[in-house]
Amino acid sequence: MNTPLYFDPHAEIRALYVSLLTHQEHFDEFKQLLAAYEVEPELLDHEPDAAVAVRRKLNDRIRSWVAGEFAGLSARQMIQWRTIVVEERLNVSLSPWKESNLY
Amino acid sequence: MIDDLYASFVATLPEALIAPALGLASTLGLAPSRAVPWSEVFSNEITLGAPRLVAEAMPDLAPDVVRRATLAHLLAVIEAFGTDRIEDGQTAETPALAAVLAHARAARDAALAAVLQSAGDARVEGWGAGLSEPSYARAEREALAAIRAEQAVLRTGDVIAFDRYLDISHGKQRVGLPASLALARVAGWDARRARCLARLLDAVWVALQLHDDVIDWEDDFQRGGAWAPALAAYASSRIAAGDRPTMPLSVQKLVHQSGALARMLAGSARRFKAARRRAEALGAHRLAAWAREREETTRDLARREAESPGFANRSHALSHWVQTVLP
């Protein structure tokens with residue numbers, strides 16, 4: 001009876017997105033912690049202690065922003081998100097002048 | 001069509017300028033690599049292709065005339081970006097870049113002259129009364145004066161009233177008009193319809209400018225000057241001394257607290273609405289549909305920015321991330 005009829009696998013990310021959109025301080029901290037996560041992709045299996053601490057801190061902060069419901073980011077996700085958000089590197093051609101199609 | 005037209009321009013250049021011309025979007029910081037064609041530099045069709053969209057309302061025009069007008073327009077816009085980048089120091093003026101831009105000006109003027117020649121000697125009633133002959137020389141002078149006025153404000157850190165900002169934004173967009181007005185001339189539009197077209201395009205260019213000035217303000221500020229802080233400082237100077245914060249604010253906080261970004265976005269949405277109405281009245285339906293979509297999106301963004309200051313910049317910064325993580 002308590003089994004949800006529908007599970008949205010992206011609900012946690014949506015909650016995080018809304019939190020980042022509506023709170024400048026969350027957005028700033030999100031970006032700062034991703035920037036502080038410095039791990040070479042080929043060393044993912046041996047994540048340094050300092051990086052583990054940063055990842056744990058970001059996961060904790062996200063849980064506080066989205067009221068607890070957040071499974072946590074893996075090391076691989078941290079690297080992917082850092083690449084997009086901090087380094088602004090993408091696999092597509094994007095001009096800095098293109099207008100935003102999304103908000 | 002845009003890439004074909006640009007290729008036709010490049011084919012007229014001396015051998016030594018072909019490579020610089022092909023990499024122009026990248027050189028000007030408009031594209032991340034030389035491989036990006038002009039048709040992919042902007043997320044809308046109108047910036048480089050306005051005459052083609054406007055021509056929907058002029059069904060009797062010969063396709064060749066529309067192509068020439070579109071060539072004149074796209075070269076005018078590209079040349080204007082080049083001049084702007086050089087003037088504000090974002091791009092170094094190398095001899096090759098200067099030569100490509102000079103060729104673009106010459107090809108632009110030749111294409112506009114060819115379009116106007118199609119109109120023959122026919123004088124359309126009312127043109128000349130507040131509606132000047134389409135000319136890039138005049139548009140260029142006005143745009144350059146506006147660019148220099150902008151630099152004077154941004155480099156000195158002056159505060160500026162919103163109306164003055166709009167005047168300067170309007171002046172910067174002058175080169176966006178002649179090719180489309182030349183088509184109106186060839187189509188035999190009377191002065192009333194031609195003025196409506198000029199106001200429609202003015203509204204579009206300033207709407208896009210306001211939006212870009214919001215989205216890019218932090219990058220622009222780091223490069224030496226942005227409108228949002230100047231407008232925010234003006235708003236702050238109008239607050240009674242006793243109500244002003246006693247602690248210094250960061251520039252970002254000053255901008256967010258002033259409501260300048262929401263005001264700029266609301267102004268952008270109003271202009272998209274005005275453009276949409278005029279496009280509908282003239283029969284430029286694709287342009288009207290695009291303006292309607294932009295009106296709704298920008299109005300919504302303005303509302304969210306007012307509710308949560310900084311929203312527009314955060315949403316822009318997160319747009320690629322959210323596209324990746326929320327497919």
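Chain A is the first sequence line, chain B the second, and so forth, proteins listed ahead of strands; every chain is numbered from 1.
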What closest approach, in Å, do [X] and [Y] show between heavy atoms, and which atom pair accounts for it?
X      : Y      : value
A/L21  : B/S308 : O-OG, 3.9 Å
B/W321 : A/I13  : CH2-CG2, 4.3 Å
A/R14  : B/L326 : CG-CD1, 3.9 Å

Count the heavy atoms of every other residue, nucleotide or ligand shown that sit under 6.0 Å from [atom1] of [X], and state whether that count exceeds 12.
X      : atom1 : value
A/F70  : CZ    : yes
B/K172 : NZ    : yes
B/R34  : CZ    : yes

Contacting region of A/Q77 [heavy-atom separation from chain B under 4.5 Å]
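Neither part, no heavy atoms under 4.5 Å.
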The interface call for B/Q252 against chain A, heavy-atom contacts under 4.5 Å, is side chain
inquiry  = Quick one, A/F27 and B/L318 - any side-chain contact, counting heavy atoms below 4.5 Å?
reply    = yes
With a 3.5 Å distance limit and no angle check, can you tell me whether B/R314 reaches the backbone of A/L20 through a side-chain donor-acceptor pair?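 Between the backbone of A/L20 and the side chain of B/R314 there is a qualifying donor-acceptor contact (under 3.5 Å).
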